[in-house]
There are 2 protein chains.
Amino acid sequence: MVMTCPRRTKIEKIEHLSSRQVTFSKRRKGLFNKAGKFSVRCGAEIAVIVFSNTKKMYQFSSPSMEHILSRRNRVMKERAGGSVMESPEKKSQHEAPSLSSDSLSAIAAVLQEENRALNLDGSRLKGLELDGMSLRELNELEKQIREGIESIEKRKIDVENYYQQPVYMLEDSDRLDGNTSNFFSGTSSSAISDCIESELSKQFVDTCLHL
Amino acid sequence: MVMTCPRRTKIEKIEHLSSRQVTFSKRRKGLFNKAGKFSVRCGAEIAVIVFSNTKKMYQFSSPSMEHILSRRNRVMKERAGGSVMESPEKKSQHEAPSLSSDSLSAIAAVLQEENRALNLDGSRLKGLELDGMSLRELNELEKQIREGIESIEKRKIDVENYYQQPVYMLEDSDRLDGNTSNFFSGTSSSAISDCIESELSKQFVDTCLHL
DNA sequence: GACTATGTATAACC
DNA sequence: GGTTATACATAGTC
């Protein structure tokens, strides 16, 4: 019988390199596992990004990483907008100032990155570019797609009924449809797109950029 | 003496709303705490982003979130660049010429529109924003999605077989397991994006965005 | 990489 | 929000 145990309560960097590396692997696995259970059990969306000492990157996310990061971008943009417009006169919008070349290029760059992410998301929903996805991610993707099919089938029935029914049924049909998009209500483009639309100040652009 | 215990091994969504919310808080705290200790003990950089059912966002990160996300962007960028079949000349690119404000606005506008379209595409593949689609279009969409599922199922089988490979494959398998998307097929969105990519790459993407 | 003694997280109760 | 019985994670050893 061996005296094997984690007796240390001290949270400090592990000195010995090799044992630090093995601990890294174990804890990473544990953390990702915990994150996964958390997301399932609480219906939450979770993303975890880890960089090891050896510069290697690992990531876990419950829906896709791109999805969560873009959702975060949206939130950050809202917050930035809220805090920037904190002045009492926030209703009185300034005349949209033209953006500097720097801001524009920054925006273009971010848009480009968002495009890349959106493209990847879209491709994967079509079953393309699946390289590098874990089994877990694939299952998640498949689940999402199957939910999508259900919505589409429902919608098809609605549309069929629409053709077969007098006009006064239209409203109900639309209501039903409105309920269909329950989870992602705010699917209006992206944070950065909005950014351009409202032509916000350079200050805000900088906020956007600290993704 | 009460029989209080977490006897459930089943990992499924908690039914009751209020208990799900309290569990969310507890688990979130636990996860963040664990992430923090992990980062200290292993000298790793960690970022965690959580969205609750109630749409609230929480985040934890060991250095700053911005630092980690920008580091991730850099990695993704490298991977995308690495897997793209680059023409030999492409390495010796021209000195990025600075673009006029006007051209940048135009580029941004195009990107924005592209973004909008991509967003809509993605949403529809998820069964959202189906308003205004004809029956024929819906059928087309469904067909595409079903093809996607087939690819994914095939891919899942591949990945499963991958896991069953002998030990010498383990290193790669571990990377897959860690959800590390090791190679990103860097298919740029479109001709326009490609064009912009070359124009912007050095000057803006690298400099401004730290991609 | 498996084992296991011990530490830690947490689900149901108050 | 505190407590506690149990499930789970993990550090050290083989």
Side-chain angles (χ1 to χ4, degrees), chain A residues 1-54 56 58-60 62 134-136, chain B residues 1-46 48-54 56 58-62 162-180:
Chain A
M1 191 71 85
V2 276
M3 271 283 282
T4 89
C5 54
R7 8 185 79 85
R8 54 170 70 247
T9 313
K10 298 182 67 173
I11 299 302
E12 57 186 3
K13 186 162 175 177
I14 295 175
E15 348 50 47
H16 196 50
L17 179 64
S18 69
S19 69
R20 187 167 67 221
Q21 284 172 337
V22 64
T23 295
F24 176 85
S25 290
K26 288 180 178 180
R27 275 186 178 259
R28 176 173 57 81
K29 185 180 164 191
L31 190 73
F32 285 2
N33 193 25
K34 186 162 288 261
K37 296 195 183 156
F38 180 21
S39 79
V40 170
R41 206 139 169 63
C42 301
E45 301 191 348
I46 301 184
V48 185
I49 302 168
V50 176
F51 283 97
S52 75
N53 245 357
T54 60
K56 284 187 74 170
Y58 303 85
Q59 55 185 22
F60 166 88
S62 149
S134 70
L135 199 56
R136 180 192 176 76
Chain B
M1 187 70 88
V2 277
M3 270 284 281
T4 89
C5 53
R7 18 181 73 85
R8 55 171 68 251
T9 312
K10 299 182 68 174
I11 298 300
E12 56 187 4
K13 186 164 178 176
I14 295 174
E15 349 49 44
H16 195 51
L17 178 64
S18 68
S19 68
R20 186 167 67 221
Q21 283 171 336
V22 64
T23 294
F24 176 85
S25 290
K26 288 180 177 179
R27 273 185 179 261
R28 175 173 55 80
K29 187 182 161 190
L31 188 73
F32 284 2
N33 193 24
K34 188 163 286 265
K37 296 191 183 163
F38 179 22
S39 78
V40 171
R41 204 135 170 66
C42 302
E45 302 191 350
I46 302 184
V48 185
I49 302 169
V50 177
F51 283 97
S52 75
N53 244 356
T54 60
K56 285 189 74 172
Y58 303 84
Q59 54 185 29
F60 166 87
S61 63
S62 145
Y162 192 69
Y163 277 118
Q164 291 161 7
Q165 300 281 327
V167 184
Y168 57 78
M169 293 296 290
L170 265 180
E171 187 179 71
D172 286 327
S173 144
D174 190 48
R175 285 162 74 183
L176 258 183
D177 180 52
N179 287 319
T180 309

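For the numbers below, each heavy atom of this structure counts, side chains included, while hydrogens, waters and symmetry mates do not. Naming: A, B, ... by sequence-line order, numbering from 1 per chain.
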Starting at atom CG of A/Leu31, determine the distance to atom P of D/dT10, rounded to an integer number of angstrom.
8 Å
Length of the CZ-C1' vector between B/Phe32 and C/dT10, whole Å
17 Å
Given DNA chain C, 5'-ward residue of the pair A/Lys34 and A/Lys26, judged by closest heavy atom
A/Lys26
N/O donor-acceptor pair under 3.5 Å between B/Arg41 side chain and A/Glu12 backbone:
yes
B/Lys37 or B/Ser19: which one's nearest nucleotide on DNA chain C is closer to the 5' end?
B/Lys37
Would you please confirm or rule out a distance under 4.0 Å between OP1 or OP2 of C/dA11 and any side-chain N or O of B/Arg20?
no
Could you please spell out the steps behind the side-chain contact (heavy atoms from CB on, under 4.5 Å) verdict for B/Phe38 and A/Val50?
CA-CA 10 Å; B/Phe38 179 22; A/Val50 176; 4.2 Å; yes
Worked check of side-chain contact (heavy atoms from CB on, under 4.5 Å) between B/Arg20 and B/Leu17:
CA-CA 5 Å; B/Arg20 186 167 67 221; B/Leu17 178 64; 3.4 Å; yes
Between P on D/dA11 and NZ on A/Lys13, what's the gap in Å once rounded to a whole number?
15 Å
Going through the distances and angles, do A/Phe60 and A/Arg136 end up as a side-chain contact (heavy atoms from CB on, under 4.5 Å)?
CA-CA 10 Å; A/Phe60 166 88; A/Arg136 180 192 176 76; 2.9 Å; yes
Counting only side-chain N and O atoms of B/Asn33, is one of them less than 4.0 Å from OP1 or OP2 of C/dA9?
yes
Can you measure A/Phe24 atom CZ to D/dA9 atom C1' for me and round it to whole angstrom units?
16 Å
For the pair made of CZ in B/Phe38 and C1' in C/dG7, what is the distance, rounded to whole Å?
18 Å
Using only side-chain N and O atoms of A/Arg27, determine if any of them is under 4.0 Å from OP1 or OP2 of D/dA11.
yes
Whole angstroms only, please: what is the CD-P distance between A/Gln21 and D/dA11?
15 Å
